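Here is the structure we will look at, set down as structure tokens.
This is a predicted model, so every value here is computed, not measured. Sequence lines set the chain letters: A, B, ... in the order given, protein chains first and strands last, and positions in each chain run from 1.
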2 protein chains.
Amino acid sequence: MAKVEPSKVRAPNIRDVAHLAGVSHQTVSRVLNGSESIRPATRARVVAVIQQLGYRPNQAARALVTSKSRTIGVLSSHTAHYGPTTSLHAIEEAARLADYFVTAVNLVETDLDSVTAGLQHLMARAIEGLVVIAPQARVLEAFAGLALTIPVVTLDSTAQLSGSASADSFAASHSLSVDQIAGARMATRHLIELGHRDIRHVAGPAGWTEAAAREQGFVDEMLAAGLPVRAAIVGDWTSERGYAIGQELLRDRDFTALFVANDQMALGISHAFLNVGLSLPRDVSIVGFDDIPEASYFWPALTTVRQDFAELGRRSIALLLDELQGKSDLDHERILPELMVRASTAAPA
Amino acid sequence: MAKVEPSKVRAPNIRDVAHLAGVSHQTVSRVLNGSESIRPATRARVVAVIQQLGYRPNQAARALVTSKSRTIGVLSSHTAHYGPTTSLHAIEEAARLADYFVTAVNLVETDLDSVTAGLQHLMARAIEGLVVIAPQARVLEAFAGLALTIPVVTLDSTAQLSGSASADSFAASHSLSVDQIAGARMATRHLIELGHRDIRHVAGPAGWTEAAAREQGFVDEMLAAGLPVRAAIVGDWTSERGYAIGQELLRDRDFTALFVANDQMALGISHAFLNVGLSLPRDVSIVGFDDIPEASYFWPALTTVRQDFAELGRRSIALLLDELQGKSDLDHERILPELMVRASTAAPA
DNA sequence: TAGTCAGATGTGAACGTGAACATTTAATAG
DNA sequence: CTATTAAATGTTCACGTTCACATCTGACTA
């Protein structure tokens with residue numbers, strides 16, 4: 001059965017447009033790139049032909065000649081989490097509005113090889129800028145040895161941590177985040193103000209800048225209130241681990257309140273407590289961090305610290321685009337988190 | 001202060017490699033593309049030079065001459081949800097392993113204009129294939145009028161729904177999903193087997209193929225058991241709306257069990273019930289859908305239907321890549337969901 | 001009226017790669 | 001040893017765009 005060959009329709013190129021409009025291809029190029037030196041009449045004619053032909057500039061040819069890919073890379077890890085995902089979406093949208101493409105790489109492992117491989121993949125795409133959503137110190141350190149020549153924005157709170165200069169160890173880099181320390185202090189202060197004295201902290205895993213910042217905020221606030229600071233229990237962000245920690249904590253209940261480094265762990269811990277018949281917040285007050293959409297409907301509704309992840313993503317792109325256009329003198333305005341007081345906290349019995 | 005100009009280091013190109021290896025650029029090209037007709041000695045020499053120079057093929061030049069971008073587009077909506085996000089990650093990883101790039105567009109609105117604009121953005125990138133994670137009928141319908149010439153895989157359950165032929169209305173398209181109807185039947189059967197007779201369904205919003213499929217599965221199973229089917233209550237996937245529905249349902253408690261179309265709504269409903277002092281599952285049994293990671297730690301732990309979103313993503317890419325390579329004769333194996341029985345269901349009192 | 005100059009438009013080359021075709025080299029058969 | 005042929009490698013061109021520079025147009029000045 002003979003197949004009808006679909007007459008190999010080549011997409012119209014800039015010369016087709018030029019020919020039909022009776023101008024040179026360079027004039028069409030000028031119209032496309034918004035040059036000033038074009039007579040309105042000429043511009044109109046060209047635009048009309050573009051419409052008529054449904055002409056779309058060939059991105060590859062542009063990239064080849066300009067060495068600009070109009071692509072921003074995003075390197076992330078654990079993006080299945082609510083925060084990174086939300087930031088990523090905001091990044092994608094903001095970039096798209098500025099007519100940039102986003103190519104993301106989600107790291108499963110965060111060892112040097114994986115980071116390097118992910119980066120290679122992005123570099124093969126000739127990305128013009130990079131956003132890193134991988135708030136683990138080791139990922140950031142991996143960059144130190146790579147000598148990137150493109151602007152980089154990392155979404156982490158390294159800059160907030162004292163004694164950490166890793167953010168400055170490679171060029172053309174900015175670090176951006178919601179103020180984790182301030183958020184942690186708000187959460188802790190809330191518990192203190194309710195009258196709690198024996199407060200423990202369940203931290204995120206070692207090596208995460210977010211975890212370190214939240215712990216530091218907790219410690220700062222406790223010390224400021226003259227309260228004793230006990231060692232933090234180290235979790236891994238998951239509800240599962242939170243549940244196990246909750247069971248451990250039940251062994252000697254020497255606290256009346258917990259500040260937990262994220263909502264998922266707080267959920268797991270709550271579950272462990274409810275399981276043995278404790279009543280929340282009567283027996284224990286719990287504060288989480290992040291304010292994932294489900295947190296309001298946990299049982300009990302979780303008091304937590306809301307971060308504007310979307311705003312974070314938008315700002316990272318704004319920063320990156322500004323840098324790409326040479327205006328790198330920006331004021332790094334702090335993004336403050338917000339305490340959401342709900343049913344999981346109350347005065348101690 | 002005189003600035004040292006960084007001697008405009010041009011990245012090495014294929015001719016630099018060729019020159020240094022003492023061969024023609026075409027020979028280098030052959031090495032790069034794994035041609036058979038290369039003497040091992042020559043290949044080794046070229047590879048060595050590539051290593052030495054740190055040469056990386058210019059993607060833009062390749063795309064220009066081959067008209068292949070090695071890029072797959074992903075058009076999604078509501079990707080902040082757990083399922084789509086997980087699928088997206090799997091897609092990204094699978095594509096990267098096959099040396100493809102992924103450019104994603106996340107739709108905020110799903111009207112025709114937004115869908116078209118998103119698609120335009122991807123087409124400007126000359127994507128070779130497209131994955132659509134936007135299980136709303138209107139999005140799929142929008143494609144009908146667009147006459148795409150590239151392979152498309154949609155992640156939705158349209159194909160499972162009787163009387164719906166929209167999946168066939170545009171060419172080169174596949175539809176892929178976890179078997180929603182089977183999952184819904186499992187959930188419903190579980191409640192029936194526990195002894196429940198008065199079971200109601202809280203559905204997803206109108207226009208979502210997933211919502212329709214889950215409702216159909218519920219109805220099918222209820223009818224098969226000879227039980228009366230009451231009209232489904234329509235939600236919007238959010239915990240917030242779930243909470244409101246929970247309050248409404250409390251007005252006349254004419255049911256002993258609920259099958260809710262996703263976990264978030266189930267959470268909101270549970271919260272509403274617990275709020276008025278009901279005990280779960282003693283007073284009401286609830287089954288969700290999706291098995292988000294938090295579901296095991298809800299209070300009570302939620303019985304739900306697990307979908308393998310990652311597998312779905314991987315398969316969509318496998319399907320797409322196969323099609324790009326011409327071998328489109330694939331067996332569309334069903335992906336079956338799994339019922340996770342937890343504490344939120346029990347026999348009626 | 002001719003000269004000047006800025007604005008508008010055109011011309012040719014270059015970006016880095018792969019495809020098509022041409023040529024050289026090596027191997028095999030007679 | 002030569003003819004034949006396949007394998008290996010080389011040469012030229014095209015992809016679609018922007019850049020650098022050249023040319024043309026028209027208005028204003030002296």
(message) Less than 3.5 Å apart, any donor N or O on the side chain of A/D111 or A/S114 sitting next to an acceptor on the other?
(response) yes
(request) Would you mind checking if A/D16 and A/R10 are paired as a salt bridge, meaning a charged N to carboxylate O distance below 4.0 Å? (result) yes
Would you list the protein and nucleotides 14-17 of chain D atom pairs, both N or O, that sit under 3.5 Å from each other?
| unit_1 | atom_1 | unit_2 | atom_2 | d |
| --- | --- | --- | --- | --- |
| D/dT17 | OP1 | A/Y55 | OH | 2.3 |
| D/dT17 | OP1 | A/N58 | N | 3.0 |
| D/dT17 | OP2 | A/I14 | N | 2.4 |
| D/dT17 | O4 | A/R15 | NH1 | 3.3 |

(request) State, without any angle test, whether B/Q136 and B/S77 hold a side-chain donor-acceptor pair at a distance under 3.5 Å. (result) yes
(request) Please determine if B/R70 forms a cation-pi arrangement with B/F101, meaning its NZ or CZ atom is less than 6.0 Å from the six-membered ring centre and no more than 45° off the ring axis. (result) no
(message) Tell me if the side-chain of B/R30 makes a donor-acceptor pair with the base of D/dG10, cut-off 3.5 Å, by modelled atom types.
(response) yes
(request) Give a yes or no on this: more than 12 heavy atoms of other residues, nucleotides or ligands lie within 6.0 Å of atom CD of B/E109. (result) no
(request) Mind jotting down which residue pairs meet the salt bridge (charged side-chain N to carboxylate O under 4.0 Å, His left out) criterion with at least one end in residues 84-102 of chain A? Sequence neighbours excluded, please. (result) A/E92-A/R96
(message) Just so I know, are the side chains of A/T86 and A/D308 near enough to count as touching, which here means a heavy-atom distance under 4.5 Å?
(response) no
(message) Would you say NE2 of A/H121 has more than 12 non-hydrogen atoms from neighbouring residues, nucleotides or ligands within 6.0 angstrom?
(response) yes
(message) With heavy atoms of chain A within less than 4.0 Å as the criterion, where does contact along DNA chain C begin and end?
(response) C/dA8 to C/dG16
